Amino acid sequence: MKLAPTTAPEEVLKVSEVAAHLRVDPETVYRLIHSERLRSIRLGRVIRVPLSALSDFISESPR
């Protein structure tokens with residue numbers, strides 16, 4: 001049996017880590033997620049934000 005090549009899983013951040021990086025309250029991060037402005041992954045009751053989603057959000061935000 002031959003296995004397919006694997007890729008490294010993408011790093012994900014907790015809501016609190018995203019909030020610390022953006023210097024906002026975690027509730028603000030939850031609002032961004034619920035308004036679909038920030039992509040996230042839900043694993044049961046746990047919400048994680050892919051690092052690429054945070055990078056995309058920062059690059060698309062007005063300065």
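For clarity, every value in this text was computed on a predicted model and none was experimentally measured. Index from 1, following the sequence.
- Distance CG/Leu22 to CD/Glu17: 12.0 Å, rounded to 0.5 Å.
- Here the side chains of Leu38 and Val18 are in contact, with some heavy-atom distance below 4.5 Å.
- Distance check: Arg31 CZ to Asp25 CG gives 7.5 Å after rounding to the nearest 0.5 Å.
- Nearest heavy-atom pair, Val12 versus Arg48, reported as atom, atom and distance to 0.1 Å: CB-CB, 3.9 Å.
- Under the 4.5 Å side-chain heavy-atom criterion for Ile, Leu, Val, Met, Phe, Trp and Tyr, Leu54 and Ile41 are members of distinct hydrophobic clusters.
- Closest non-hydrogen pair, Arg39 versus Val49, comes out as O-CG1, 3.6 Å.
- Going from atom CG of Asp56 over to atom CG of Leu51 covers 10.0 Å, rounded to the nearest 0.5 Å.
- Contact record, Ser40 with Pro50: CA-CD, 4.1 Å, taken as the closest heavy-atom pair.
- Within the 4.5 Å cutoff, no side-chain heavy atoms of Val24 are placed close to those of Leu32.
- The local environment of CD in Glu27 is crowded, with over 12 non-hydrogen atoms from other residues, nucleotides or ligands closer than 6.0 Å.
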Verdict with reasoning, Ile58 to His21, per side-chain contact (heavy atoms from CB on, under 4.5 Å): CA-CA 10 Å; Ile58 291 171; His21 185 77; 3.6 Å; yes
